[in-house]
Amino acid sequence: MTDIALTKKDFTSDQEVRWCPGCGDYAILSAMQSFLPELGIPRENIVFISGIGCSSRFPYYLDTFGVHSIHGRAPAIASGLAISRPDLTVFVITGDGDALSIGGNHLIHALRRNVELKILLFNNRIYGLTKGQYSPTSPQGLVTKSTPAGSLDTPFNPISLALGAEATFVARTIDNDRKHLTAILRAASAHKGSAFIEIYQNCPIFYDGAFSQVTDADSKEASLLQLVHGQPIKSAKYGVIRNGVNIELAELANIDESEIVIHDAHNPDPSFAFALSRLSGSDLEHVPVGIFRDVERAGYSSMVNDQLKEIIKTQGAGDLTKLLNSGDTWEV
Amino acid sequence: MTDIALTKKDFTSDQEVRWCPGCGDYAILSAMQSFLPELGIPRENIVFISGIGCSSRFPYYLDTFGVHSIHGRAPAIASGLAISRPDLTVFVITGDGDALSIGGNHLIHALRRNVELKILLFNNRIYGLTKGQYSPTSPQGLVTKSTPAGSLDTPFNPISLALGAEATFVARTIDNDRKHLTAILRAASAHKGSAFIEIYQNCPIFYDGAFSQVTDADSKEASLLQLVHGQPIKSAKYGVIRNGVNIELAELANIDESEIVIHDAHNPDPSFAFALSRLSGSDLEHVPVGIFRDVERAGYSSMVNDQLKEIIKTQGAGDLTKLLNSGDTWEV
Amino acid sequence: MAKPVVALKSVIIRFAGDSGDGMQLTGDRFTMDAASLGNDLSTLPNFPAEIRAPQGTLPGVSSFQLHFADHQVLTAGDAPDVLVAMNPAALKANINDMPRGATIIIDKDEFTARNLKKVGYEVSPLEDGSLDSFNLHAIALTSMTVTALAGINISRKDAERSKNMFALGVLTWMYHRSTDATQAFLKAKFAKNEDILKANLLAYQTGWNFGETSEEFVTSYEVAPAKMKPGKYRNISGNAALAYGLIAASQQSGLRLFLGSYPITPASDILHELSKQKKFDIVTFQAEDEIAAVGAALGASYGGSLGVTATSGPGVALKSEMIGLGVMLELPLIIIDVQRGGPSTGLPTKTEQADLLQVMFGRNGESPVAVIAASTPSDCFEMAVEAARIATTYRVPTFLLSDGYIANGTEPWMIPDVAALPDLSVEFAKTQENFAPYERNPETLARPWAIPGTPGIEHRIGGLEKADKTGEISYEPANHDFMVRIRAAKVAGIKVPDIIVDDPSGDATVLFLGWGSTFGPISAAVQTLRDNGEKIAQAHIKYLNPFPSNLGALLEKYPKVILPEMNLGQLAMLLRARFLKDIISYNAVRGMPFSTAELVEVAMGVLHD
Amino acid sequence: MAKPVVALKSVIIRFAGDSGDGMQLTGDRFTMDAASLGNDLSTLPNFPAEIRAPQGTLPGVSSFQLHFADHQVLTAGDAPDVLVAMNPAALKANINDMPRGATIIIDKDEFTARNLKKVGYEVSPLEDGSLDSFNLHAIALTSMTVTALAGINISRKDAERSKNMFALGVLTWMYHRSTDATQAFLKAKFAKNEDILKANLLAYQTGWNFGETSEEFVTSYEVAPAKMKPGKYRNISGNAALAYGLIAASQQSGLRLFLGSYPITPASDILHELSKQKKFDIVTFQAEDEIAAVGAALGASYGGSLGVTATSGPGVALKSEMIGLGVMLELPLIIIDVQRGGPSTGLPTKTEQADLLQVMFGRNGESPVAVIAASTPSDCFEMAVEAARIATTYRVPTFLLSDGYIANGTEPWMIPDVAALPDLSVEFAKTQENFAPYERNPETLARPWAIPGTPGIEHRIGGLEKADKTGEISYEPANHDFMVRIRAAKVAGIKVPDIIVDDPSGDATVLFLGWGSTFGPISAAVQTLRDNGEKIAQAHIKYLNPFPSNLGALLEKYPKVILPEMNLGQLAMLLRARFLKDIISYNAVRGMPFSTAELVEVAMGVLHD
Ligand SMILES: Cc1ncc(C[n+]2csc(CCOP(=O)(O)OP(=O)(O)O)c2C)c(N)n1
Ligand SMILES: Cc1ncc(C[n+]2csc(CCOP(=O)(O)OP(=O)(O)O)c2C)c(N)n1
Ligand code: SF4
Ligand code: SF4
Ligand SMILES: [Mg+2]
Ligand SMILES: [Mg+2]
């Protein structure tokens, strides 16, 4: 382990990056490479585990330990690693198909257990690597290779799903907003348990402009509802206000600043965070970005290892000879 | 298909029931057998599909069509059947391990698609058939065969998870409250898309009394928060009131009836239903029962079949000869 | 005075460029022209595993090979006679496959210092003499195209994009073809965008003119039509033929087609093709994963649909438990495995035959299934129909094996007469007293297909062992043994056509045996051997479980049996175990089809050892 | 005057009753007494698939069989000499296994009209003479127990529950044993509940007294100690031995044991046992499903733990894709398959050997793994250690096959000396320049085990084909062929001990071959045959992939090889394919171990045909 501060270059592997020109993954990669030195963690103690998909090529391009595993299973493999090696910092890189289609079950179980994983879901609302079928986050009606007449499935709202799965840290950011993305990575890294980050990522080849509403200069400001702990929840044009048991959006023009709900990312009750997640429909007209929820709960790996320490402390370390000779025995 | 009204007996198969004495499954079975005639659907058009587990033996005891499939996969098999046969009424019978552990992914996808399935989750908070390991709904700290030092996992809240997965009908009931259980079955059957019902079910052998808090005469009335559309949400002792963006419980003694939130099961925004789901912790001191959410959304099977009809209507039925001869052809 | 035209018997041409250069389209068009001129042909596209690796890099190279001739064509060919390389990467990636003297056409505009460096050329191969042994045509494709299109108001980028049409124009002239078909094609394709259409037409024409007028080319060539069975033909890929076969099976059986699938290379196109054909009342269900995909297909079969799932090796691994349930439920189920390079994620875009043992044995317990394999692109149609026949007649999960080579490769296909397709109509169980769901048809040993909605036969089935006839749960030892054996007997008793041996001389002592996509290369090798006066017999196994009933006798008959497989000897193992016959295996697991040459060499070794 | 005591060489006794009757516990206790008296023994529990089917029904019957003798015991025995049947269901479920003249002890209080009807007895077998050919003891177990416990303040239900102790008391007397051990056991077990303790002790004593005093029994029996290797013994089940073996491997390798598992019969007890032994710093992770279980184990292996997953057939099917990744990553991984009746859910509580081909071939592509199998309950310990040796030395997924019979069956085990256990210490890759993750050890062909946390060797691996040495992604044809072959060569080159043949006469012409849990029945049959003067050799294959290097020569040596398998001939197929040797298969798939008698008959047929 080294003491000299590391740089972006130290985290850049020698592998040539193989995404399509203009792919949002490039921006995310670059942001990650610049951010990692900040952690002050030696490269050898960082592991990136991914599934399969364009996004899952990510680990190859970082000069840390990495496993490009199989489709949908990264959270399971990463859980085994994180539980058995609490000394490591483990990132999971996944896509909307990898994490929410084939890998949905492992994702929600990792979140409820609160395994110490930083899970980055690159959501391009399409299957990129397999050349353009719809995904569990594709808007209903999307015409793709596998849905020439338009898809019929109601998409998942990844934030709602994560909150429904007991996640302790849930955030959303956008590939091309490096500052915001980096801030989220920073907060996620500071969080003890599972951190779930949905990153809107543009796939210029199979679903270009999926997020133009929140990336185009003319529409983004009005669409992005900034979630900042302790700050009123609003976009350039709208604010979040209460209405009975529900919350709703009101034009800033028509309300008083004081009516706007102040964001509390540490609210022990995930219900309000959940309500916020419902503000964004497939149309992306209103999209909360930032940290929906960030609460403390013991991490799974630390609980597992503490329990073991406790058992060994109270019962003493196991003695193989004793074990083999336990129970009813007899001499011949 | 028959016109004479059917009776409970008509729905009782000749198979001898093989659950442990006192198992909560008996009560659920009996309630179901009594309820089915009400539907007025001929037996041959009803199909019960289950996974594996004690609960999943259910289909054998009903004289309808039934498939006792494999562990966790019932929603997938049932989806294929329901989509291809919109004329059938399809029930899915599953357990907390079957539905939420190995089968979690199929469950949440069936719910988001809103496939026309009535999903009954028998939640005994334990693995019964495999003789008593903890399940994804076991309270943290539970001592079981696989967790002699106490489990560490944060359990799923099945209602929260279903709501986070875009479910359109979500309810909770209890094995031994036949009247309530039947009412829920009735409402679920009236619902167009997926209906998700969590049934608290006691396993006297491996987790006896898991639900005594809500079944014992002395504690149940104060614990059960009755969810009735249009009625104030309260138990014998507590009422649900608002507090800022959150909701909380107040002793009826200390509040005015008018402060109690009126239940709206048809609220298009699932956020409040989600908030209600958070009122019950593992201790079951406060447990909302009834219908959390019941909203209209096109069922998946009907959408699929309508889309096909539309395509055939506009393009005309496919002609095999035409198809084979399509594209560039040439004569030799 | 017009340039001379030379007649050739066959040509192998490879188009190579960036994923973005449209080589697949160019190749397709050129193929269609060869086809409509009556040449026999075979094609082999070769995609990179990445969607679009960075421009100009080796991983980004995409290629398309076409072999067309005035006689029967059995493979896409070993060594190309012509290589069209749109940039240095394309040249570097393919040059090693080129025999000395071959023709190489390159776009010299792309040979910039920067592009050369990208692929590690110190000096340009155009200057270091490394291409001297080839017939090199270094043309300024890009600049000439851009200049030609100056008049049209499109971006320079779009103008450059048209260079593939320029190249196609050159080749169209070079092989002495009319430009009509391609012009018509372009008009249809770009009907919505006039400028782009103009650009492509003009680039194409300019290319043709360049061939005709420039000094660059002195002769053009002609390949006469091949003698083919008279009939109506179309060019078809294995995946398309397979999709059509499933639709045919659905029509011929009157069963609704239900495809439960999860996208995976190289099987996805089956899902895509069927999704386009919904007017045939086909349900295509893109499931959350492979398990759900096959589960939904099984559920649909239970409901009386023709349940199908299509995937590749890794998907089969995931489906195995559900397929085991299918074995126990004894319902029709078709599992299509378009094999790719393994193990694990392996080589997703490359071909292989290494899933045979997985589909045979990859389930817990004694879990017999039917297994058949397609041998050429067009054969996928017939075998899909066969898979449906077996699955529905015997109520058994049936694997249809294809692979990346025939899935994406194409060949001319004599369009079958629908009236001549087999009748696949099935009988569902009818309303009856004391219905016994596991009472078997004495001939097929199939149990009734008893679908919901049929009054009076309500019954329960499941994955636990069932009692003979009643289908009730049974833990009875003798019953289990009986059921295990009867399920095996049912599959062993499936009627499949005898295997046909091709042994013209009648007294060959060596048999060239094969299965699956090796049919082309083996047949080509056999033909070459015979042309050289060698005596060799050939037979191809299309039915792998059960084997054709005459297979044992056939193996008996030939002292030496050569079996090339793109695996480490999987079928050889099954044959050795079954017939205790020594098999001469030749194995190569390179993610590519065998070359004719290597198989000829193998056979020569055996013939003359 | 005391009753006479008769000496017996061996006794087979079966306890049968309702799931609720505590037959397993009763059997265990009786077994422990036999063990500490120095008898050799073997036990076979038999559970219903339901947790507790309704009282008094056939599906609810649970039984426990013990075979103890004054000589070596190899199986739990074919036909019981004594049956203890606690109710009509227990009698009906077991009577067909009883030879004429056998002793049957029943609780006549349970033979009520209602209970008889439950299992379809028209008239009571106690009255219709159907039991005349047996030595029947119809005792009022329940009522006598209840009366005896009248003084103790416990519910009638609890009093009745103690009847199993009454029965145990009777048998303890009958086999002339001291009551001390069981009394001590009960005191420990019910320390927390005095009344229940009193009740059990009194019931037990009363039963003993009843044997001693009543007219019912005229003689008691004695079975002398068996001559066993001197040493310290304990009784152990296969699952417990397997768990202990894993712990031993962890201790001997210095690797932390990580079990990723999802409960499934009959493997769950391995998870349970290891969960109890956390003081050995073992992580037991109950995953959400089998895929996550093996995935977590693989992740832990990647991190430097001894990654293990334990399951049964259906679980293996689900794990297959992840195991394929393990093959590609070339990391140590132990997969335990405690086989049960299949296919699909099959017969969860019954035994079978039908997963061999699944574990060999149930993955996409050429995906070689190591496969070994335990042959007896205590052998599970040694084979678990072996699995760890192979997995860690060769960095390869390694299957250890067990089955329901040896997993739940027990036998005396001479407790090994820890000091004598093999050293399994491993070396992780060290910090170094230009680390090559796929550079192989020339001897083992294993790649480095390069765990995170080691500075300077940061690297990326994955499921795509990798370049030799560097491990970078490679689609290069020759490299793929090379890697496929080297992975195969690595597994083929695993060092395993030679197979030992037992051929006393040295000139036997028939070899009785086996693998897995058939060792007991085969050995018993061989012994019987030899006692009858037959010449027969015996050999047992514990290493299935790779095979012992001398196996081929061994098969050569014997003209006739008999191979009984609880499947349809899976190992036979592998042997036929590999050695082109005809194998005489004897297959029965009944969910039960072979009986000695049937194997003797099979062998006699072969010896004298
Ligand atoms: C078991 C398995 N099934 C299917 C595939 C094919 N496959 C690879 S990536 C992928 C989905 C990619 O979509 P996503 O996860 O959104 O990643 P993206 O490419 O969009 O970044 C699929 C279906 C596979 N590799 N393995
Ligand atoms: C693939 C597979 N894995 C594991 C099992 C073993 N198994 C059967 S049921 C079950 C869990 C049962 O728990 P639950 O779903 O809650 O049903 P319950 O018995 O409690 O009603 C398990 C792990 C199996 N049958 N198949
Ligand atoms: S296909 Fe889309 S997601 Fe994949 S690399 Fe290309 S642009 Fe990126
Ligand atoms: S084990 Fe529990 S859940 Fe299963 S049948 Fe018995 S009581 Fe019911
Ligand atoms: Mg995606
Ligand atoms: Mg349960």
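Residue D:Leu575: no heavy atom, backbone or side chain, is found under 4.5 Å from chain C. With a 4.5 angstrom heavy-atom cutoff, C:Asp582 touches chain D via backbone and side-chain atoms both. Within the 4.5 angstrom heavy-atom criterion, only side-chain atoms of C:Ala488, from C-beta onward, approach chain D. Neither the backbone nor the side chain of C:Thr349 comes within contact range of chain D, judged by heavy atoms closer than 4.5 Å. Proximity to chain D is absent for every atom of C:Asn479, based on heavy atoms less than 4.5 angstrom apart. For chain D, no part of C:Leu356 is nearby; none of its heavy atoms comes within less than 4.5 Å. Neither the backbone nor the side chain of C:Ile323 comes within less than 4.5 Å of any heavy atom in chain D. For chain C, the nearby part of D:Ile291 is the side chain; its heavy atoms alone come within less than 4.5 Å.
Options D:Leu464, D:Val359, D:Val484 differ in how many heavy-atom pairs under 4.5 Å they form with chain C, and the most are formed by D:Leu464. No other option in D:Gly313, D:Pro314, D:Gly326 has as many heavy-atom pairs under 4.5 Å with chain C as D:Pro314. Note: C:Arg485 leads C:Met322, C:Gln339, C:Arg578, C:Arg485 in heavy-atom pairs under 4.5 Å with chain D. The greatest number of non-hydrogen atom pairs below 4.5 Å with chain D, out of C:Lys319, C:Lys581, C:Met592, C:Glu321, is found for C:Glu321. Interface check for chain D: of the options C:Arg487, C:Met483, C:Met573, C:Arg340, the most heavy-atom pairs under 4.5 Å are formed by C:Met573. Per-residue heavy-atom pair counts under 4.5 Å with chain C were compared for D:Ser474, D:Pro343, D:Ala478, D:Gly591, and the maximum is reached by D:Pro343. In terms of heavy-atom pairs under 4.5 Å with chain D, the best-connected choice from C:Thr345, C:Val589, C:Leu357 is C:Val589. Taking D:Leu325, D:Leu329, D:Ile473, D:Ile583 one by one and counting their heavy-atom pairs under 4.5 Å with chain C, the maximum is reached by D:Leu325. With chain C as the partner, the residue from D:Ala588, D:Gly362, D:Gly315, D:Ala354 showing the most heavy-atom pairs under 4.5 Å is D:Ala354. When each of D:Ser344, D:Pro348, D:Ser312, D:Gly342 is checked for heavy-atom pairs under 4.5 Å with chain C, D:Ser344 comes out on top. Annotation: maximal heavy-atom pairing with chain D below 4.5 Å, among C:Glu366, C:Arg590, C:Met328, occurs at C:Glu366.
Between C:Ser595 and C:Glu598, some side-chain heavy-atom pair lies under the 4.5 Å cut-off. Put simply, the side chain of C:Leu563 does not reach to within 4.5 Å of the side chain of C:Tyr586, judged on heavy atoms. At least one side-chain heavy atom of D:Leu401 sits less than 4.5 Å from a side-chain heavy atom of D:Leu544. Contact annotation: the side chain of C:Asn587 never approaches that of C:Pro564 to less than 4.5 Å [non-hydrogen atoms, C-beta and beyond]. Side-chain contact check for D:Met360 versus C:Phe361: every heavy-atom pair is 4.5 Å or farther apart. In this structure, the side chains of C:Phe594 and C:Met566 come closer than 4.5 Å at one or more pairs of heavy atoms. C:Phe399 places a side-chain heavy atom less than 4.5 Å from the side chain of C:Val316.
Closest of all the heavy-atom pairs between D:Asp78 and D:Gln65 is O-NE2, 3.9 Å. Scanning all heavy atoms of the two residues, the minimum distance from D:Ser367 to D:Val327 falls at OG-CG2, 3.4 Å.
Of the possible donor and acceptor atoms, none in the side chain of D:Gln353 sits under 3.5 Å from a partner among the backbone N and O of D:Glu565. At distances below 3.5 Å, not a single donor-acceptor pair connects side-chain atoms of D:Arg395 with backbone N or O atoms of D:Leu331.
Residue pairs satisfying the salt bridge (charged side-chain N to carboxylate O under 4.0 Å, His left out) criterion with at least one member in residues 341-359 of chain D, sequence neighbours excluded, are absent.
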